[in-house]
Q: 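Following this message is one structure expressed as structure tokens.
The shown structure was predicted, so the numbers you read here are calculated from the model rather than taken from an experiment. Index from 1, following the sequence.
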Amino acid sequence: MQHIQGISRHQLQMSSLEDKISADNSVRFIDVFVNHIDVEKLDGKLFKYLHFEL
């Protein structure tokens with residue numbers, strides 16, 4: 001019986017998206033900005049602006 005060849009397990013690299021994005025990437029600013037939006041104060045105005053209906 002012949003051994004089945006596959007991808008070497010030594011090539012597996014575990015990393016996160018956080019590791020892939022450089023520290024000076026603009027997406028980090030967007031992430032911080034969005035996380036600080038006070039949804040309570042918007043009171044549905046954002047959805048009206050974006051033309052979404054709930």
Side-chain angles (χ1 to χ4, degrees):
M1 179 183 270
Q2 213 174 19
H3 178 71
I4 299 173
Q5 295 292 328
I7 298 172
S8 171
R9 293 182 184 176
H10 300 291
Q11 293 179 12
L12 182 63
Q13 295 179 359
M14 301 299 278
S15 64
S16 68
L17 187 58
E18 187 74 24
D19 295 337
K20 300 286 185 189
I21 300 172
S22 63
D24 61 345
N25 193 308
S26 59
V27 76
R28 293 191 182 273
F29 168 78
I30 296 167
D31 181 50
V32 170
F33 177 78
V34 170
N35 284 330
H36 282 87
I37 293 175
D38 189 353
V39 178
E40 296 285 328
K41 287 184 180 178
L42 289 176
D43 193 31
K45 294 175 188 171
L46 179 63
F47 293 108
K48 290 177 187 175
Y49 175 74
L50 296 174
H51 305 290
F52 286 116
E53 292 183 22
L54 297 176

Q: If you look at every heavy atom in K20 and S15, which pair is closest and at what distance?
A: CE-OG, 3.2 Å
Q: For L17, what are the other residues in its hydrophobic cluster, where any two members join if their side-chain heavy atoms are less than 4.5 angstrom apart?
A: I21, V27
Q: Got a sec, which residues hit side-chain contact (heavy atoms from CB on, under 4.5 Å) with V32, two or more places apart in sequence or on another chain?
A: H36
Q: Applying side chain to side chain donor-acceptor pair (under 3.5 Å), can you list everything that pairs with N25, at least two apart in sequence or on another chain?
A: none
Q: Mind checking what makes side chain to side chain donor-acceptor pair (under 3.5 Å) contact with S22, not counting sequence neighbours?
A: D24
